[in-house]
Amino acid sequence: MSLNHSPETQTKLIARVPTITGRELPEWFQAIDNGPSFLRCDERANWLADEHGLSHGYAAAIVHEHERRRRNRMGFI
């Protein structure tokens with residue numbers, strides 16, 4: 001599974017997360033933060049998909065967005 005979506009695909013997936021999953025992004029981010037401490041994004045996406053019954057595409061998009069926002073909060077480029 002690839003975590004690399006085009007920017008357009010990533011934007012579309014993230015916009016649909018609440019409708020498709022019934023949960024807002026902050027809820028998913030909290031699930032990731034409270035979940036197992038995986039080092040790799042693909043491991044987190046696989047866990048999120050398996051644990052919460054998401055498609056791997058949505059799980060990967062959520063993990064990618066979580067990482068992007070975390071980097072922005074911490075001041076990383």
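- When all heavy atoms are compared, the tightest approach of A45 to A59 is O-CB, 3.4 Å.
- Listed by first then second residue, pairs satisfying salt bridge (charged side-chain N to carboxylate O under 4.0 Å, His left out) with a partner in residues 44-56 read R44-E67, not counting sequence neighbours.
- Legend: side-chain hydrogen bond (donor to acceptor under 3.5 Å, both in side chains) pairs involving residues 28-38, not counting sequence neighbours, sorted by first then second residue: T21-W28, D33-H66.
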In a table with atom names and distances, give each donor-acceptor pair under 3.5 Å that connects a side chain of residues 12-20 to protein atoms at least two apart or in another chain.
{"from": "R16", "atom 1": "NE", "to": "K12", "atom 2": "O", "distance (Å)": "3.2"}

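- Here T9 pairs with S6 under the side-chain hydrogen bond (donor to acceptor under 3.5 Å, both in side chains) rule; sequence neighbours left out.
- Applying the side-chain contact (heavy atoms from CB on, under 4.5 Å) test to R68 and every residue at least two apart in sequence or in another chain returns E65, R71, N72.
- Closest heavy-atom contact between W47 and G35: CH2-CA, 3.8 Å.
- Listed by chain and residue number, nothing satisfies the salt bridge (Lys or Arg N to Asp or Glu O under 4.0 Å) test with E24 (two or more places apart in sequence, or in another chain).
- Between atom NE2 of residue H64 and atom CD1 of residue I62 there is a gap of 12.5 Å, rounded to the nearest 0.5 Å.
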